[in-house]
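Counting starts at 1 for both ligands and their atoms, in listed order.
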Amino acid sequence: MKIKVRNPIVEIDGDEMTRIMWDLVKEYLILPYLNVDLKYYDLHIKKRDETDDKITEDAARAILSHGVGVKCATITPTEERVQEYNLKKAWKSPNATIRTILGGTVFREPILVKNIVPYVRSWKKPIVIGRHAYGDVYSNVEMRIQRKGKVKLLFQPEEGEEVAETTVFQFSGPGIVQAIHNLDDSIEEFARTCFRYALERKLDLWFSAKDTISKTYDGHFRSIFEKEYRTNWETHFRQAGLSYNFSLIDDAAARVVRSEGGILWALKNYDGDVMSDMIASACGSLAMMTSVLVSPKGCYEYEAAHGTVQRHYYRYLKGEETSTNPTAIIFAWSGALKKRGELDNTQDVIAFAENLERAVRETIESGIMTGDIIGMAESIPSKKLVSTQEFIKAISIRLEDCYK
Ligand code: NAP
Ligand code: MG
């Protein structure tokens, strides 16, 4: 008897090696156990091209209406890809399109197993990074200054005459200048999503910025978080035994390294970009990192943090067997199933997701693993390098044991 998943999950297929692994994961680890209505959207690069990328928007809207989605990695076309796949044009990044429709924040979390010790030995629990994915240096304007002169910042209100201005710098020779911005609405939404996610996941929340130097800009981020906490979350956090604290980014960076983990670290756009890559590589491989987009509209999209693993795919096309790691893809599925189960209040679905995750961890902990992590893993128990297929097969044997 298969487990019935009460409401649909939006399934978004993708490209290259991750598409190959996606099928195997479904065939061996999902479909044999679950009776689930998958709303399927194929974001293969050729399908996006055929539909003038309408399929990507349809997929995002499907997540809005069903609440939970799981996505395979997709190619973001470059000029090279336009040639390779003979595309009409270099379509936008699907993740950017989906994020524009759903809004929200991406949380990235490493998957820890006992025999792969993070390079930072004090880390016992995952450090989840919440990155504010709007504004700052990612939508900056910048200028080269070639000669003497003054740069000013000027605000011109749409109504009324009064203009605010301030001098940025009086240049006496060549230099550079940059302006960045952010929006109260976006920061408030980011803060709310972080508090909600920390509470759901029972994690302490840290927010860090540099408000001693940037008193107005970073100071504003800090006060929005502070106000949001006092107004809407303090009581809930207290009841759950959780804490919120602000700290300076440099101070937090130093403390994170000494912590045992188990925190949600909320960061501005650039800090989040840098720190999430640092945490990922300190924990092992990109293939051991999951990612979830939490939308303020109440929906969730789960995926692996890595891309389509193009180099492995070309080897696969030549008929070679690859040892690509499907762990983050499997955790994207288990994350989506767990959330579906929580929203539907179906314990058997939640239990299945947990059993699936345990089967993956125990497989790796028994020494069976893929090429990307074998070099970092401890040598007891003895290690065995396997192909992607063999790895998934080994997981499925453990999973079968739970449902005999
Ligand atoms: P990538 O697919 O993340 O792969 C980079 C390298 O990391 C691989 O060549 C491989 O190293 C290693 N790696 C990543 N995932 C692995 C896994 N599951 N198992 C084993 N090794 C793994 O990044 P990319 O090559 O820069 O990007 C390829 C395509 O993915 C691009 O077209 C890009 O647009 C797209 N992309 C999509 C997303 C998304 O949809 N979320 C995110 C990022 C990139 P070795 O080759 O050394 O083994
Ligand atoms: Mg980055």
Side-chain angles (χ1 to χ4, degrees), residues 11-25 41-49 53 55-56 59-60 63 69-85 87 90-99 102 106-111 113 116 131 133 273 276-277 280-281 283-293 301-318 320-333 335-336 360 364 368-377 385-392 395:
E11 176 196 355
I12 303 179
D13 210 342
D15 292 302
E16 301 193 313
M17 203 58 214
T18 39
R19 187 181 180 96
I20 307 296
M21 294 196 284
W22 192 262
D23 270 350
L24 292 170
V25 168
Y41 290 82
D42 189 356
L43 263 56
H44 185 275
I45 187 147
K46 285 301 271 179
K47 273 278 164 10
R48 283 181 271 149
D49 199 51
D53 212 18
I55 185 96
T56 309
I63 297 180
V70 57
K71 179 181 171 290
C72 178
T74 44
I75 291 171
T76 297
T78 55
E79 268 318 304
E80 266 174 3
R81 299 296 207 161
V82 171
Q83 303 283 321
E84 183 182 355
Y85 287 92
L87 307 176
W91 303 102
K92 260 178 64 181
S93 146
N95 284 15
T97 304
I98 294 170
R99 213 179 301 150
L102 302 186
V106 173
F107 296 96
R108 282 174 125 206
E109 175 168 354
I111 301 155
V113 289
I116 300 177
R131 169 181 171 190
D273 186 354
S276 62
D277 283 4
S281 89
C283 288
S285 156
L286 259 189
M288 299 295 281
M289 188 87 161
T290 56
S291 167
V292 52
L293 174 66
E301 181 210 39
Y302 293 81
E303 65 169 347
H306 58 78
T308 61
V309 214
Q310 185 181 5
R311 281 203 292 265
H312 293 217
Y313 182 59
Y314 293 157
R315 294 210 293 273
Y316 167 87
L317 288 182
K318 280 195 236 150
E320 287 172 35
E321 205 170 49
T322 73
S323 180
T324 322
N325 189 346
T327 299
I329 294 177
I330 301 170
F331 274 68
W333 277 94
V360 177
I364 299 174
I368 298 173
M369 56 187 90
T370 46
D372 55 316
I373 53 177
I374 200 156
M376 305 174 46
L385 176 67
V386 293
S387 69
T388 305
Q389 269 93 339
E390 290 166 332
F391 183 65
I392 292 175
I395 297 166

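- Using modelled atom types and a 3.5 Å distance limit, the side chains of His312 and Thr324 yield a donor-acceptor pair.
- Judged by distance alone, with hydrogens and angles left aside, the side-chain atoms of Thr322 form no donor-acceptor pair with the main-chain N or O of Tyr316 at under 3.5 Å.
- Around ligand 1, the residues contributing at least one heavy atom under 4.0 Å from the ligand are Lys71, Ala73, Thr74, Ile75, Thr76, Arg81, Asn95, Leu286, Ala287, Glu303, His306, Gly307, Thr308, Val309, Arg311, His312, Thr324, Asn325, Asp372.
- Looking only at atom types and distance, the side chain of Ser93 has no donor-acceptor partner in the side chain of Asn95 under 3.5 Å away.
- Remark: Glu301 engages no residue in a salt bridge (charged side-chain N to carboxylate O under 4.0 Å, His left out) (not counting sequence neighbours).
- With respect to Asp15 and Arg81, no salt bridge is recorded, no charged nitrogen being found less than 4.0 Å from a carboxylate O.
- No side-chain heavy atom of Trp22 sits under 4.5 Å from any side-chain heavy atom of Thr18.
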